[in-house]
2 protein chains.
Amino acid sequence: MSMSGTGQHDPPGCRAREVLDLVADKWSLYVVAFLGDGPRRFTELKRGIDGVSQRMLTVTLRGLERDGILTRTVYEVMPPHISYQLTAMGTTLLQATAPLIEWSSRHLDSIDAARTAYDARASRPRTIAD
Amino acid sequence: MSMSGTGQHDPPGCRAREVLDLVADKWSLYVVAFLGDGPRRFTELKRGIDGVSQRMLTVTLRGLERDGILTRTVYEVMPPHISYQLTAMGTTLLQATAPLIEWSSRHLDSIDAARTAYDARASRPRTIAD
DNA sequence: CTGAATCCACCGGGATACTG
DNA sequence: CAGTATCCCGGTGGATTCAG
């Protein structure tokens, strides 16, 4: 990977951070994952993504649309019908996140254990065993 | 991946979010990537990771240590010498992020283009072509 | 050298109310 | 149905200072 292997981090031109920011916000990956199954409309996403406010769903969708991750298609009917779906790039993003999601499901327990152990150590006065 | 394929997002038990949060913060992935080349001490990380404040480096290192991603080894000498290095789990995390980093380097230009196009459209009054 | 502590500005994001 | 507008709170993270 581009961020390692030289002992130096990449020069200022390393912009991987921007992509991280792209998916790091609270809801983007949920939306992308959800759209992985096909086009969805606003209310379907709202219902399907637990806990998202309609404001944040709007903001998230706008951001992903702007970045070319998904498209927004308006059907001029009554009542309004708007469909969101992944672009080709959005689909590749979804695939690129798969290993990380996979990793998470495999290591969440280990992380929990590590945290518990760490917190136990931190909250108890030190002994010579430390 | 566990978040897609059923047309339903995972139940509340889906905790992939926690891992995203793990790596989503501003500096964690930089630290992990940097330690991918081997153990480093505080000042080396501080110098190597452009823009990180000493506070955020400390906070980030503590968090990653707590989660079992890296270890902190203290050498009782003068001046103090403290070494940080990835755990086995940290190494697998680094590998899991590789596709995302790879994706980013391949699509940053496309994203820029999409943003530019989107912003141009948004800032200009609509025509019948829209 | 490797932090901890404190102060503070910024903004992500939730609640709520209103609109085409 | 699919938003927009406004208010406001809490957390993130930078700057600075102090300490072992």
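Just so it is clear: chains get the letters A, B, ... in the order the sequence lines come, proteins before strands, and each one is counted from 1.
Applying the 3.5 Å distance criterion, the base of C/dA4 shares a donor-acceptor pair with the side chain of B/Gln54.
Between B/Arg72 and C/dT2 there is no side-chain N or O to OP1 or OP2 distance below 4.0 Å. Proximity of B/Ser53 to the phosphate of D/dG13: no side-chain N or O atom is located under 4.0 Å from OP1 or OP2. Close to D/dC1, at under 4.0 Å from its OP1 or OP2, lies no side-chain N or O of A/Lys46. Regarding contacts with the backbone of D/dG3, a side-chain N or O of A/Tyr84 is found under 4.0 angstrom from either OP1 or OP2.
No side-chain donor-acceptor contact under 3.5 Å links B/Ser83 to the backbone of B/Arg41. The backbone N or O of B/Asp25 lies less than 3.5 Å from no partner atom in the side chain of B/Ser28, so there is not a single donor-acceptor pair. Judged by distance alone, the side chain of A/Asp67 and the main-chain N or O of A/Ile69 form no donor-acceptor pair under 3.5 Å.
Rounded to an integer number of Å, the gap from CH2 of B/Trp27 to C1' of D/dT12 is 12 Å. One can place CG of B/Leu61 at 7 Å from P of C/dG3, the figure rounded to the nearest angstrom. Rounded to whole Å, atom P of D/dA2 lies 6 Å from atom CD1 of A/Ile82. When rounded to the nearest whole Å, the span between CE of B/Met56 and P of C/dA5 equals 16 Å. In this structure, CG of A/Asp25 is placed 11 Å from P of C/dG14, rounded to the nearest angstrom. Residue A/Lys26 contributes atom NZ, which lies 11 Å from atom P of D/dT12 at whole-angstrom precision. If you take CG of B/Leu57 and P of C/dA5, they are 17 Å apart, rounded to a whole angstrom. Rounded to whole angstrom, the span from the CZ atom of A/Arg55 across to the P atom of C/dT16 amounts to 15 Å.
Of the candidates C/dT2, C/dG14, D/dG3, C/dT2 carries the atom nearest the B/Arg41 side chain, counting heavy atoms from C-beta on.
Under the 30°/60° scheme for interplanar angles, the aromatic rings of B/Tyr75 and B/His81 are found to stand perpendicular.
Residues meeting the side chain to side chain contact (heavy atoms under 4.5 Å, CB included) test with A/Thr91, sequence neighbours left out: A/Leu86, A/Gln95.
Mapping B/Val52 and A/Pro80 onto DNA chain D by nearest heavy atom places A/Pro80 closer to the 5' end of the strand.
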